[in-house]
Amino acid sequence: MVKSKKIFQCISCSHETSKWTGKCGECGEWNTVSERIVSKSSKSSITSSIKTPQRISDISGDKAERIPINDLEFNRVIGNGLVKGSVILLGGEPGIGKSTLTLKIALTLKEKVLYISGEESNEQIKLRANRLKFNNDSCYIYNETEVNTILKTCEEVLPRLIIVDSIQTIHTQEIDAIPGSVSQIKHCAEILIKYAKERLIPIIIIGHITKDGAIAGPKVLEHMVDTVLQFEGDKNHLYRLVRSIKNRFGSTNELGIYEMNESGLEEVNSPSKMLISTNQEKLSGIALGCSLEGVRPIMIESQALTSAATYGNPQRSANGIDIKRLNMLLAVIEKRGGMKLSQKDVFLNITGGLKIQDPAIDLSMVCAILSSFFDFYIDHKICFIGEVGLSGEIRPVSRIEQRIKEVTKMGIKIIYLSKYSKVSQVESKNYQLIKVGKLQEIIQQLFK
Ligand code: TYD
Ligand code: MG
């Protein structure tokens with residue numbers, strides 16, 4: 001006889017209790033606890049197939065066969081092709097371009113693809129495909145949200161790649177919870193992952209994440225899947241980045257860069273060129289730096305504006321970097337550089353809509369602010385690479401030689417960097433390295 005047990009589970013956070021409560025004891029949500037019957041047989045079915053340990057030398061290692069993808073940037077990020085049976089989670093904010101990217105992958109793959117959409121109708125997807133200007137006879141679109149029905153269809157279609165758009169819309173009747181709740185997401189993903197491993201078919205699962213990136217949903221899947229990719233960028237800007245956060249079959253340092261235009265996502269081969277404004281006018285408040293995104297050095301332009309604060313407290317606004325970092329740099333400029341910025345409004349933008357965390361662009365941001373403060377134009381052929389410490393010291397950054405190579409390729413002739421940087425090839429006819437130890441030295445040399 002199949003034994004069954006009654007439990008109460010929160011549909012929002014999956015917390016289980018033996019009694020019904022109005023408010024979930026774990027996440028504090030109201031009216032989310034509902035009754036569930038768990039049968040012992042269904043639980044044990046996962047563990048029913050007993051496996052025996054195998055000697056590692058007896059296991060064939062040639063299973064990591066890869067299916068190449070025709071999108072160079074995506075291919076590089078996942079580690080050169082899709083590993084059969086691997087599961088990739090592609091996370092990103094709504095509207096960033098996840099469906100566009102995965103549809104492009106589906107339309108350019110030379111093998112049979114099943115694109116499952118729970119969000120858009122077949123006609124909507126066809127319209128998007130027309131926009132992307134691709135057509136592919138081996139790409140099948142399927143509008144379904146029930147996970148077992150999906151797998152049944154997969155058995156008939158026998159695709160070589162499955163795309164699920166998105167995990168938040170997929171559900172199973174085995175669980176009494178709304179689609180998109182943590183327990184549904186987890187359970188459906190578990191079924192899909194098991195299928196991918198058994199049939200050796202790679203699956204790309206799309207997951208929406210909210211602005212702060214940490215709320216429930218796809219985050220709970222990160223440990224279950226093989227690869228986690230994050231799609232980043234600003235919806236109002238053209239550039240999109242695909243970053244690998246976890247990859248069981250490749251490096252996590254890779255980064256793919258795209259430009260969103262009217263015919264979809266276009267691969268960007270030379271990001272530095274795209275991110276630097278082509279404005280040749282001699283404007284103040286602009287300074288160039290170099291950030292390392294994954295393993296790729298990218299030239300970054302910082303733009304700053306300082307103006308007298310006329311209304312009460314001075315305003316500070318930052319786009320593309322953490323506002324706390326801007327405040328810290330302003331405090332260092334004020335205290336170590338002796339500039340009176342406390343009565344100034346300060347605005348700082350990283351052009352292109354990228355979000356930069358690399359501290360190596362500190363020095364360029366400081367110089368952009370100083371350039372605006374003194375209303376002094378900094379030549380387009382100068383680049384600043386260095387972290388700024390609290391005492392105003394310019395600190396060395398990682399992979400300096402790689403960065404120098406990139407910026408000089410972009411036409412930079414003078415590079416300011418920390419005097420503690422270890423550069424083996426010091427002099428070159430094509431460019432000049434100026435080593436500085438403190439912020440005051442830069443102010444003395446450049447702005448006085
Ligand atoms: P979409 O892939 O639907 O985002 P997601 O699946 O992540 O929610 O892409 C949404 C945006 O992309 C949409 O606002 C319009 C824009 N877009 C273009 O600019 N050009 C195009 O060719 C396509 C297909 C979309
Ligand atoms: Mg979408």
Side-chain angles (χ1 to χ4, degrees), residues 69-74 77-78 87-109 113-136 139-145 147 150 161-171 179-180 184-185 188-189 192 203-219 221-222 225 227-245 255-268 274 352-355:
I69 284 190
N70 276 329
D71 184 294
L72 291 178
E73 297 287 302
F74 195 82
V77 174
I78 56 172
V87 179
I88 295 177
L89 175 69
L90 177 66
E93 285 173 33
I96 202 84
K98 300 179 295 297
S99 307
T100 309
L101 177 65
T102 43
L103 186 63
K104 183 184 172 199
I105 291 169
L107 292 173
T108 52
L109 202 78
V113 188
L114 184 63
Y115 186 102
I116 297 145
S117 178
E119 300 199 336
E120 289 158 297
S121 69
N122 291 358
E123 290 70 29
Q124 274 175 306
I125 297 170
K126 176 69 185 169
L127 280 177
R128 176 176 287 144
N130 289 344
R131 233 175 130 178
L132 299 180
K133 299 193 181 70
F134 288 113
N135 199 2
N136 185 354
C139 174
Y140 291 76
I141 307 292
Y142 184 41
N143 211 267
E144 177 57 57
T145 53
V147 71
I150 290 173
L161 168 65
I162 302 169
I163 295 169
V164 179
D165 185 5
S166 66
I167 190 73
Q168 270 97 346
T169 59
I170 306 295
H171 68 102
Q184 277 287 8
I185 289 181
C188 292
L192 290 171
I203 305 186
I204 300 178
I205 299 177
I206 291 180
H208 294 292
I209 53 174
T210 44
K211 197 102 193 139
D212 50 13
I215 300 297
K219 272 277 172 205
L221 303 181
E222 289 190 355
V225 298
T227 304
V228 180
L229 303 181
Q230 190 151 320
F231 211 171
E232 301 171 3
D234 193 331
K235 267 185 271 176
N236 304 320
H237 286 85
L238 295 176
Y239 300 104
R240 303 283 189 273
L241 305 183
V242 178
R243 223 184 267 279
S244 148
I245 296 174
L255 178 84
I257 304 180
Y258 296 92
E259 185 184 350
M260 179 66 96
N261 54 31
E262 60 282 359
S263 58
L265 288 160
E266 209 172 290
E267 297 149 36
V268 174
M274 312 290 289
L354 295 192
K355 303 227 169 355

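First listed ligand is number 1; within each ligand, the first listed atom is number 1.
- Closest to atom 18 (C) of ligand 1 by heavy atom, among E259, M260, K133, Q124, is M260.
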Worksheet entry | L241/K355 under side chain to side chain contact (heavy atoms under 4.5 Å, CB included): CA gap, chis, key distance, verdict | CA-CA 10 Å; L241 305 183; K355 303 227 169 355; over 6 Å; no

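- With hydrogens and angles ignored, the 3.5 Å screen pairs no side-chain donor or acceptor of Y115 with any backbone N or O of T102.
- At least one donor-acceptor pair under 3.5 Å links the side chain of R240 to the backbone N or O of I96.
- Taking each heavy atom of H171 and P179 in turn, the nearest pair found is CB-CG, 3.9 Å.
- The presence of a protein heavy atom under 4.0 Å from atom 15 (C) of ligand 1 is ruled out.
- Using a 4.0 Å cut-off to heavy atoms of P94, the atoms of ligand 1 that qualify are 8 (O).
- Put simply, the side chain of K98 gets close to the backbone of G92: a donor and an acceptor are under 3.5 Å apart.
- Using modelled atom types, no side-chain atom of E73 and backbone atom of Y258 make a donor-acceptor pair closer than 3.5 Å.
- Among the atoms of R128, some N or O lies under 3.5 angstrom from an N or O of ligand 1.
- Comparing G97, G264, S117, G92 by heavy-atom distance to atom 21 (C) of ligand 1, the nearest is G264.
- Between N261 and ligand 1, a contact under 3.5 Å exists for at least one N or O pair.
- For A189 against L221, the heavy-atom pair with the smallest separation is CB-CD2, 3.5 Å.
- In S99, the parts holding a heavy atom less than 4.0 Å from any atom of ligand 1 are both the side chain and the backbone.
- When atom types are taken as modelled, the side chain of K126 and the backbone of S121 share no donor-acceptor pair closer than 3.5 angstrom.
- With hydrogens and angles ignored, the 3.5 Å screen pairs a side-chain donor or acceptor of N136 with a backbone N or O of L109.
- Among protein heavy atoms, the minimum distance from atom 2 (O) of ligand 1 is reached at T100 OG1, 2.6 Å.
- Considering backbone and side-chain atoms alike, G95 places an N or O below 3.5 Å from some N or O of ligand 1.
- Tally of protein N, O or S atoms closer to the Mg ion (ligand 2) than 2.8 Å: 1.
- Looking at E266, its side chain never comes within 3.5 Å of a backbone N or O of E259 through a donor-acceptor pair.
- Evaluated for a side-chain contact (heavy atoms from CB on, under 4.5 Å) with K104, the options I69, L132, N70 yield exactly one hit, L132.
- Listed by number with element, the atoms of ligand 1 under 4.0 Å from a non-hydrogen atom of S263 are 22 (O).
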